[in-house]
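In what follows, chains are A, B, ... by sequence order, proteins preceding strands, each numbered from 1. As the structure is a prediction and not an experimental result, all values here were calculated from the model.
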Protein chains: 4
Amino acid sequence: MAGSENMVILMGNLGKDPEVHTTGSGNMIVNLSVATTKSWRDRDSGERRERTEWHRVVIYSDGLAKVADKYLHKGSKVYLQGSLQTRKWTDNNGQDRYSTEIVLQPYDGKLIMLDGQNAQRTGGSKAEASAPANGDLDGEIPF
Amino acid sequence: MAGSENMVILMGNLGKDPEVHTTGSGNMIVNLSVATTKSWRDRDSGERRERTEWHRVVIYSDGLAKVADKYLHKGSKVYLQGSLQTRKWTDNNGQDRYSTEIVLQPYDGKLIMLDGQNAQRTGGSKAEASAPANGDLDGEIPF
Amino acid sequence: MAGSENMVILMGNLGKDPEVHTTGSGNMIVNLSVATTKSWRDRDSGERRERTEWHRVVIYSDGLAKVADKYLHKGSKVYLQGSLQTRKWTDNNGQDRYSTEIVLQPYDGKLIMLDGQNAQRTGGSKAEASAPANGDLDGEIPF
Amino acid sequence: MAGSENMVILMGNLGKDPEVHTTGSGNMIVNLSVATTKSWRDRDSGERRERTEWHRVVIYSDGLAKVADKYLHKGSKVYLQGSLQTRKWTDNNGQDRYSTEIVLQPYDGKLIMLDGQNAQRTGGSKAEASAPANGDLDGEIPF
DNA sequence: TTTT
DNA sequence: TTTT
């Protein structure tokens with residue numbers, strides 16, 4: 001097949017704590033519920049409007065799953081890259097149903113926690129584990 | 001509002017001709033069904049594997065909708081940028097259903113046709129309409 | 001014209017306060033110096049390595065320039081989208097020189113401040129101006 | 001250091017054949033010169049304007065370098081992802097000079113050739129090697 | 001269900 | 001230096 005691209009970039013907040021699952025083969029899988037919000041001024045009424053979108057994120061990368069489990073929690077702000085995947089399943093009535101998820105695979109996904117310090121200040125047990133402090137801007141700036 | 005990001009980039013082929021709708025207020029809306037394919041070598045078996053993903057794309061940008069209607073057809077290869085949106089609807093059994101789409105809004109979406117010449121050569125009826133090549137449509141033509 | 005794409009996404013910290021300029025026609029232009037850092041474990045030595053990259057960012061979008069001027073300062077963390085542009089200039093010895101910049105144009109660029117609260121807490125003079133938090137500037141405020 | 005992002009996405013045409021180099025340790029490095037073109041309608045004069053940007057791309061990924069060497073040539077259209085890197089060097093007058101490049105590293109870069117069939121038709125020796133035909137849209141389309 |  |  002000719003080359004194709006399927007990439008999603010999200011930056012938003014977790015609506016709840018990560019859900020951790022383990023597969024039969026021992027791999028950790030983490031599900032995130034991420035909210036992104038878009039706001040704009042309505043052309044007609046002139047008033048501010050806002051729409052929140054909720055995204056299902058599934059982390060199949062073991063390394064990223066561990067990070068998510070350890071450092072993320074309800075309210076965490078994250079930046080992530082993954083790809084779209086629609087899963088087919090059958091509901092109780094025997095009907096086909098589809099669920100679209102953003103999946104992060106090994107070597108093909110990114111996950112960055114954006115509020116390490118805040119998390120520490122608000123102090124959940126998970127947050128306290130969030131070591132990687134915000135580095136100083138050392139090094140010479142060439143421009 | 002806290003800054004957030006919700007961006008999708010797809011490059012793939014249309015599985016069928018664009019579906020054109022017109023809203024009550026006269027705006028053109030175009031639906032695309034786009035396939036992306038990912039291939040990789042299985043770690044265990046060593047054999048080549050491939051998975052095709054289908055994406056629902058909805059173009060709310062009038063300029064891009066016109067371009068899609070005029071130049072795209074089944075098999076066209078496109079590059080596009082939009083954002084994820086999940087629509088809730090009720091099925092015949094009164095159950096909530098969700099459909100996730102990639103939406104292209106005015107001033108927030110891109111659409112590039114990647115096989116203009118091929119289309120002309122292979123000659124579908126729509127493709128032949130794309131004769132003026134880089135001709136103007138209304139100043140919003142992205143290719 | 002054939003469709004093309006030229007997009008840069010950066011998330012990093014400002015190495016110094018924004019530099020504000022005004023064009024002859026009264027438009028505000030803001031220059032940012034943004035650091036991104038990549039870290040990895042060396043395959044041979046096994047030790048952690050890190051490389052910081054500095055980026056010149058030029059904001060030609062008036063709305064985003066105002067936001068940058070008002071809310072950003074040395075150390076601010078930002079997420080931005082723009083496009084690559086290489087400028088040619090002549091140095092004092094009459095030699096051609098090139099400078100590559102990430103430019104943010106109106107309707108084609110994003111800028112999101114990622115540490116609003118921190119800024120206020122650490123309290124630079126600029127940061128204090130950001131008090132109204134999500135206050136309106138002119139309807140183009142991205143955060 | 002806190003998480004950062006540095007990503008470039010380009011889609012454009014090669015201005016000349018790839019330049020292939022081999023490092024002391026036997027790794028293949030390929031340099032590409034890629035043009036992207038942006039066109040817009042001038043707000044004042046109303047006339048169509050166009051600006052071409054040239055990008056230096058350096059492929060350090062051995063796999064992608066081989067693909068580039070084998071399949072790409074002057075005029076090829078490519079889609080690629082990499083990151084920005086500014087190299088410092090000293091010119092003949094002993095002055096510091098900087099060159100900004102888009103680098104594609106192993107496991108952190110993409111390269112997709114977009115005109116396989118065209119290339120074959122126009123027939124350069126390299127082009128004829130460009131096997132991967134444009135796949136058929138088989139598989140059931142769920143929507 | 002989040003965040004501002 | 002490309003492409004349309």
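A side-chain donor-acceptor contact under 3.5 Å links C/Thr86 and C/Thr100.
Put simply, CG on D/Leu14 is 13 Å from P on F/dT4, counting in whole angstrom units. Atom CG of A/Asn13 and atom C1' of E/dT4 are 9 Å apart (whole Å). Taking atom CG on D/Leu10 and atom P on F/dT3, their separation rounds to 17 Å, with Å as the unit. Separating the CG atom of D/Leu32 from the P atom of F/dT3 is a distance of 15 Å, rounded to the nearest angstrom. Between the P atom of F/dT2 and the CG atom of D/Asp17 lies a distance of 12 Å, rounded to the nearest Å. The nearest whole Å value for the distance from the NZ atom in A/Lys38 to the P atom in E/dT2 is 22 Å. Remark: P of F/dT2 and CD of C/Glu5 are 22 Å apart, rounded to the nearest angstrom. Between D/Leu72 atom CG and F/dT1 atom P the separation is 20 Å, expressed in whole Å.
D/Glu101 pairs by the side-chain hydrogen bond (donor to acceptor under 3.5 Å, both in side chains) definition with D/Arg87, not counting sequence neighbours. In terms of the ring-ring contact (aromatic ring centres under 6.0 Å, His included) criterion, A/Tyr60 has no residue partners (sequence neighbours excluded).
Once the 5.5 Å centre distance and the 30° plane angle are applied, the aromatic ring of D/Trp54 is found stacked with the base of F/dT1.
A donor-acceptor contact under 3.5 Å is not formed by the side chain of C/Ser4 with the base of F/dT3. Between the side chain of D/Thr52 and the base of F/dT2, at least one donor-acceptor pair of N or O atoms lies under 3.5 Å.
Of all nucleotides listed (E/dT1, E/dT2, F/dT4), E/dT2 comes nearest to the side chain of A/Ala35.
At least one side-chain heavy atom of C/Ile9 sits under 4.5 Å from a side-chain heavy atom of A/Tyr79.
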